[in-house]
Peer 1: 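Quick one: this structure, given as structure tokens, is what I'll be asking you about.
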Amino acid sequence: MKFLKYTTLFLSLLTLSAAVTSCDDDDSPSLGAIDMEFENVAGSTAIQLNSTTPYTTAAGDQFTITTLRYYISNIKLKRADGTEFVQPDSYYLIDQGIESSRKFSIPNVPIGDYSGITFTVGVDSVRNVSGAQTGALSPGDMFWTWNSGYIYTKLEGRSPQSSNLNGGIIFHIGGFKSPNNTIRTVSPAMNNNMIQVREGRTPEVHFKADVLKMFTGPNTIRFAASNNIMGGPDAVKVANNQAAGMFTLDHIHGN
Amino acid sequence: MLASNTRRNAKLLVSALIMLTIASCEKKTPQPAAPAATPYNLVLPTQLPQAVILPTNNPMTVEGVELGRKLFYEVKLSSNNTMSCGSCHQQSKAFTDGRVKAIGVDGIAHQRNAMSLVNLLWEPNLNWDGAATSLETQARVPLENPIEMHQRLTDGVSKLQQTSLYPPLFAAAFGSSTITEDNVLKALAQFERTLISSNSRYEKSLVPGGPALTLDEQKGKILFFNHPGESGNSNARGGSCDHCHSGNNYLFTSTNFTTPGGTTQYFNNGLALSADLGRFGVTRVAADRGKFRVPTLRNIALTAPYMHDGRFQTLEEVVDHYNEHIDINTADPILLVSNPTINGSLGLIKLTATEKRQLVAFLRTLTDSTFIKDPRFSNPF
């Protein structure tokens with residue numbers, strides 16, 4: 001029952017004009033930007049949708065992927081002194097099917113050195129139930145009507161090990177209500193790298209998202225038994241795996 | 001390539017916003033040298049995505065839309081003056097023709113079923129295979145196609161120029177009584193952009209105090225939106241329809257609105273492959289074989305027969321297809337997830353006969369009876 005009000009439109013127009021205004025701040029010497037890139041991989045192989053060559057999980061199950069999407073939100077950058085830059089209102093949907101979605105820019109980052117980065121895999125619980133549903137949060141097939149919440153990670157494909165008809169595998173990781181909350185916040189190891197934000201120099205932070213890690217870690221997921229996960233306790237198991245090591249910092253350009 | 005498209009879209013969006021700002025400034029301080037044509041006040045229903053992109057080189061005007069409506073119903077745009085866009089896209093059938101496959105001016109069948117024309121503002125790619133990327137360019141195809149209206153647009157333009165009706169209407173809409181092919185296409189597109197439907201019985205049922213759905217319709221709604229096992233509840237039963245025909249944005253299509261203007265997605269819904277390979281014909285990518293755009297289910301009770309080749313006559317046959325006959329080798333994986341077997345379960349997805357009836361009952365609530373009677377969309381002649 002999500003009849004967006006007229007105010008939503010006005011709000012989004014206001015936000016945009018606010019964004020235009022704050023673009024001016026880019027010129028101000030104390031602010032810079034960071035480019036973020038997410039490369040989706042299965043181990044050492046770059047993901048290709050609908051590829052006929054299967055990927056293999058740590059437990060030995062084979063699978064191919066037709067759809068892969070996940071939300072990244074609430075990005076925080078940490079300085080060595082422990083203070084933080086928190087990007088306001090940041091929601092990004094990384095979609096393997098839309099190349100441009102795998103790169104985005106964080107504007108208005110104060111110049112400085114950042115030794116840590118933290119982000120949420122998913123959408124915070126507040127935003128699941130309120131706020132403007134525009135941009136990356138536009139309702140569509142990453143949204144559950146019945147939970148009124150977002151699907152944080154969607155992976156679909158086929159596996160010969162799956163007991164579904166002809167091996168369909170469906171993983172919809174979402175849900176924000178206890179005990180099946182699947183929102184996870186990760187801080188990939190920086191390995192002594194620094195994100196150096198400078199005037200006229202925009203570092204590019206390159207992450208790898210390894211889908212194999214969804215199925216291994218604290219919980220081993222075998223497709224014979226788990227092949228249709230749509231929230232609930234099984235989704236929590238996958239979310240815990242994701243938190244334990246799906247996202248790694250690969251390298252930083254422009255330092 | 002995709003990246004640069006998005007950048008272009010982003011620019012278009014920004015310019016659309018600037019246009020909005022300009023338009024609203026004009027309202028406050030009327031310009032003395034305002035153009036002759038009156039800006040058309042396009043109202044987007046609030047439940048539909050607001051991130052639509054209007055082409056900056058074809059701003060909608062009251063005069064342009066009204067001219068487009070006449071052209072849409074104008075038989076002079078066909079070779080033997082018998083057929084208009086409205087022949088295959090009839091308002092009473094939610095702008096379809098009731099035929100299995102469309103039949104052109106020479107009695108020859110098209111390879112596909114005529115599509116419903118509704119909420120086209122939210123379709124970045126048109127036709128069953130997404131081959132057309134704007135309404136302006138799409139319209140030339142039926143006009144000139146030998147198995148549709150079969151007349152070069154330049155000949156149509158000459159016919160219109162000779163009438164007393166059209167030159168002044170083009171002058172009012174585009175500032176010149178000399179008719180051009182571009183302006184015919186632009187006016188048609190402007191009219192098509194006004195074909196907005198947002199008042200189905202389902203939508204009315206969601207407004208507080210609106211007419212409630214029957215018990216069967218409500219159960220059908222749950223089956224429509226749910227996947228089997230939804231929310232970690234292994235007993236939840238569903239048909240997964242919403243997975244592709246997204247009801248969350250009230251468009252009942254798969255266009256993804258997380259990017260400005262939207263991105264069309266194509267799926268294989270398990271129909272047995274035929275010579276028409278859909279999206280593959282456009283991209284030549286093997287994975288696109290048998291994939292089609294996901295058509296809207298708005299007004300679906302009015303638009304039989306169904307699918308790109310009109311192979312199903314009724315909604316019952318459509319539901320039988322999804323439940324019992326999908327080609328499991330080509331179908332999207334979501335269609336491979338079954339419900340737990342219960343008494344009387346049928347087929348692959350394992351809905352019961354009662355559940356199938358309930359699903360169809362829900363599909364019938366997607367009819368917008370005001371849309372098919374709206375005088376602004378009707379034949380003006």
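Per chain, numbering begins at 1; letters A, B, ... match sequence-line order. Computed from a prediction, not measured in an experiment: that's the story for all the values here.
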Peer 1: How long is the span from the CE atom in A:M142 to the OG atom in B:S246, to the nearest 0.5 Å?
Peer 2: 12.0 Å

Peer 1: Indicate yes or no: at least one non-hydrogen side-chain atom of B:S338 is less than 4.5 angstrom from one of A:N164.
Peer 2: no

Peer 1: How far does CD1 of A:I170 sit from CG of B:D332, to the nearest 0.5 angstrom?
Peer 2: 7.0 Å

Peer 1: A:G168 and B:P333: which non-hydrogen atoms are nearest, and at how many Å?
Peer 2: CA-CB, 4.3 Å

Peer 1: Chain A contacts: which residues in residues 282-298 of chain B have a non-hydrogen atom closer than 4.5 Å to it?
Peer 2: B:A287, B:K291

Peer 1: A quick test of your reading: do over 12 heavy atoms of other residues, nucleotides or ligands sit less than 6.0 Å from NZ of A:K154?
Peer 2: yes

Peer 1: State, with a plain yes or no, whether a side-chain heavy atom of B:T259 is found less than 4.5 Å away from one of A:D95.
Peer 2: no

Peer 1: If you take all heavy atoms of A:R158 and B:L336, which pair is closest and at what distance?
Peer 2: NH2-CD1, 3.5 Å

Peer 1: So does B:P228 get a backbone contact from the side chain of A:N228, meaning a donor-acceptor N/O pair under 3.5 Å?
Peer 2: yes

Peer 1: Classify the angle between the aromatic ring planes of B:H227 and A:H172 as parallel (below 30°), tilted (30 to 60°) or perpendicular (above 60°).
Peer 2: perpendicular

Peer 1: Kindly compute the distance separating CG (A:N166) from CD1 (B:I326), expressed to the nearest 0.5 Å.
Peer 2: 9.0 Å

Peer 1: Please indicate whether A:K103 has more than 12 foreign heavy atoms, meaning atoms of other residues, nucleotides or ligands, lying under 6.0 Å from its NZ.
Peer 2: no

Peer 1: Minimum heavy-atom separation for A:D141 to B:H243, with atom names?
Peer 2: CB-O, 3.7 Å

Peer 1: Could you look at A:L93 and say if it's the side chain, the backbone, both or neither that has a heavy atom under 4.5 Å from chain B?
Peer 2: side chain

Peer 1: How many angstroms lie between OH in A:Y150 and CG in B:N248, if you round to the nearest 0.5 Å?
Peer 2: 9.0 Å

